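As the structure is a prediction and not an experimental result, all values here were calculated from the model.
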Amino acid sequence: MPVARMSGLFGRTLREAPADADSANHQLLLRSGLIVQLAAGVYSFLPPAWTTLLKIEQIIREEMVAAGSQEMRMPAIQPRELWEESGRADSYGPVLFNLKDRRDRTMVLAPTHEESVTDLFRKVVQSYRDLPQSVFQMQTKFRDEPRPRGGLVRVREFIMKDAYTFDVDDDAFQLNYNAMRQAYYNIFERCGVPVVAVQADSGAIGGKQSEEFIFLTEIGEDNIILCSCCGYAANQERAEFTPREAAGTVGELEDVETPGVTTIEGLANFLGIPAQSTAKAAFFLVDGEPTFAVIRGDLEVNELKLINALDALEARPLLPEEVEEAGWVAGYASPIGVDPARVIADPSVVDAGGLVAGANRVGMHARNVTYGRDWTAATVADIGMAQPGDTCSECDDALEMRRGIELGHIFKLGARYAEPMEATFLDADGERRTPIMGCYGIGVERLMAAAVQANHDDLGIIWPRSIAPYDVHIVPLGGSDDVGSAVASIEAELAQLGLNVLTDDRDERAGVKFNDADLMGAPLRITIGARGLRQGQIELKLRHAAESSSVPIDDAVTAAQEALASLDG
RNA sequence: CGGAGCGUGGCGCAGUCUGGUAGCGCACUUGACUGGGGGUCAAGAGGUCGCCGGUUCAAAUCCGGCCGCUCCGACCA
């Protein structure tokens, strides 16, 4: 390996972090001169950062190949028609970067490649004899995100490792899926980032089931529900839980005056009853239809569960005027008398007995409102949002909630793309069949950001050895000839061993060099100074360690190798 | 797209309320001293104060519009 010199590095360290950077990883990536922003969610990666990204890619590549996947490459620029074929031109719509070619044809910059890989499949695969298949690529994706965020955490242009599998049936698919799942654990572990796999919603990718690989961190943008007892883990948007015991009543339907009481909390206080004794109404526009959702007063509606339960594409809360238009009374709404076709009920109100609900008149509620007797819903489905402290549905322990960053996501797609795009193969009986597909993504720069977030201290980055831009950071102190020749021979020997070496050859004070070394975070620092050299010693310090050690200069290279090897356990 | 904030040399900021000279720290250049945890002194270079328009004798500062960036929400590797 060539030796990098601090004096010639393209990029410089900053003493102060740019004000725009919030999280530790973002600040450190900027301060250490690794990344520079060009626009919202668009970054340049300077040489050391690029070295790290290449190392991450190599780790991913090795694990993908080990999982039986073949590397390939698909185009980033694609005709929009491809997206119309799968039906995603609209659902993915706003995130697609559109452009016109010179013949006025609309092209898109690909945000992901399910369409193109499915198109490839139908052009390349005809027979079950060609299956199973697993392919992957590492490529720049483009997504016109509504809100870029957190430095590299959410950007508009990024490298994704995306893999796709095709199988003859579910059983065969499961083999590919499991291999990918294991590969993902291996990848994140090798990059020095702890992850948990959580059940997730497949979102705009579609399909039946999916798991996210989450790095738990307070700077994350996802809410993750965890059970420390049984290990249950899910994204809050799909987490299951057991609601608290209902506190329903038995009795005749009767009105009760509740002047000025429009919230569940207010209602419970006013009547001196627990929130579990009330029913809450929430109004949504679901695929253009006003929808009346009923859930127990102590719970919140999970919009994503609502969408899935109604097999819909999108939902949003109704605006106040839309509520009025629908004939519902905000704050006092009652499902009684509402067309059941427009009502969706959570099991928590179905099995509860009599609850206090609105009476559809301002200032009035009703007691003993009972599902089945007083009202019904066309759809009964779990639409509750799991909250910390709720009971785990697997083991009855209390659930916790943590923030996290989604580093990878693996999906079972089923026939989501193959069917609309008519990708098929002939089976052994000569029957035309649809392959079972899976897709598997990792955000490469996001993974680098997570690695920094997971491995830093007050002074700077502490790179995991596996993805460090430089293995060894040499700090020469004092400009004597002795120092110069010692540095030259040690750096040459280390480079000869295949190590990435950065030598701080600048005429700076010791403090500046040490601080920059700490900031840039190479796993091993070697200090070669006139003072030590007089005793025939140089100094080694592992970045994560508190203490340094001195070794005779003749042992320097061996000791450096040993120190680095100690990190690989 | 809703809410909040910010745009002044490469980075961090002051100046804006109350219009008149663009300023500080760091970084950068040159020289000297110094030399093991961001050193000292001296001399420099670098900014149409985000953009456009308006008010005014005069605008970084007041008014209007636009653009950009960040954060909180709705969305995702």
Could you work out the separation of G15(B) and U8(B) based on their C1' atoms and round it to a whole Å? 9 Å
Once side chain to side chain contact (heavy atoms under 4.5 Å, CB included) is applied, do any residues pair with V95(A), and if so which ones, sequence neighbours excluded? Y92(A), R143(A)
Plane angle bin for F213(A) and F188(A) - parallel if under 30°, tilted between 30 and 60°, otherwise perpendicular: tilted
Any residue meeting ring-ring contact (aromatic ring centres under 6.0 Å, His included) with F158(A), in chain and number order, not counting sequence neighbours: none
What is the per-nucleotide protein-contact pattern of nucleotides 65-77 of chain B, from the 5' end, where B denotes a base atom under 4.0 Å from a protein heavy atom, S denotes such proximity for sugar-phosphate atoms only, and - denotes neither? ----SSBBBBBBB
What is the distance from CZ of R506(A) to C1' of G38(B), rounded to the nearest Å? 10 Å
Say we look at U16(B) and G23(B): how far apart would their C1' atoms be, to the nearest angstrom? 14 Å
Nearest-Å distance once atom P is located in both C13(B) and C6(B): 12 Å
Taking 4.0 angstrom as the limit, do E303(A) and R316(A) come out as a salt bridge? no
P atom, G2(B) versus U61(B): distance in rounded Å? 27 Å
Taking any strand in view, what nucleotide pairs with G37(B) in a Watson-Crick or G-U wobble way, both distances under 3.5 Å? none
Residues in side chain to side chain contact (heavy atoms under 4.5 Å, CB included) contact with Q139(A), at least two apart in sequence or another chain: R73(A), A76(A), H113(A), Q137(A), K141(A)
Test of understanding: with ring-ring contact (aromatic ring centres under 6.0 Å, His included), list the residues that count as partners of F97(A), not counting sequence neighbours. none
Does C51(B) pair with anything, Watson-Crick or G-U wobble, both distances under 3.5 Å, and if so, with which nucleotide? G65(B)
Checking N1-N3 plus N6-O4 or O6-N4 for Watson-Crick, or N1-O2 and O6-N3 for wobble, each under 3.5 Å, the partner of G20(B) is C57(B)
Only counting residues at least two apart or in another chain, list the ones meeting side chain to side chain contact (heavy atoms under 4.5 Å, CB included) with E325(A). none
Nearest-Å distance once atom P is located in both A43(B) and U56(B): 45 Å
What string of B, S and - do you get for nucleotides 23-37 of chain B, 5' to 3', if B is base contact, S is sugar-phosphate-only contact and - is no contact with any protein heavy atom under 4.0 Å? --BSSS-----BBBB
Taking only residues two or more places apart in sequence, or in another chain, which ones meet F166(A) in a ring-ring contact (aromatic ring centres under 6.0 Å, His included)? F121(A)
Which pairs, with at least one residue in residues 210-220 of chain A and sequence neighbours excluded, count as a salt bridge (Lys or Arg N to Asp or Glu O under 4.0 Å)? R181(A)-E211(A)
Sticking with atom C1', work out how far G12(B) lies from A74(B), rounded to a whole angstrom. 33 Å
Whole-angstrom distance between G9(B) and G50(B), as gauged at atom C1': 14 Å
E189(A): which residues meet the side chain to side chain contact (heavy atoms under 4.5 Å, CB included) condition with it, sequence neighbours left out? none
What's the gap between A27(B) and G44(B) when it is taken at their C1' atoms, as a whole Å value? 15 Å
Would one find more than 12 heavy atoms of other residues, nucleotides or ligands at under 6.0 Å from atom CD of E324(A)? no
Sugar-phosphate or base contact per nucleotide [nucleotides 40-46 of chain B; S, B, -; heavy atom under 4.0 Å]: -------
Salt bridge (Lys or Arg N to Asp or Glu O under 4.0 Å) contacts in which one or both residues fall within residues 14-31 of chain A, not counting sequence neighbours: none
Watson-Crick or G-U wobble partner of G46(B), both distances under 3.5 Å: none
If we call it a pair only when both distances are under 3.5 Å in a Watson-Crick or G-U wobble match, what pairs with G9(B)? none
Give none if G2(B) has no partner; otherwise give the nucleotide forming a Watson-Crick or G-U wobble pair with it, both distances under 3.5 Å. C72(B)
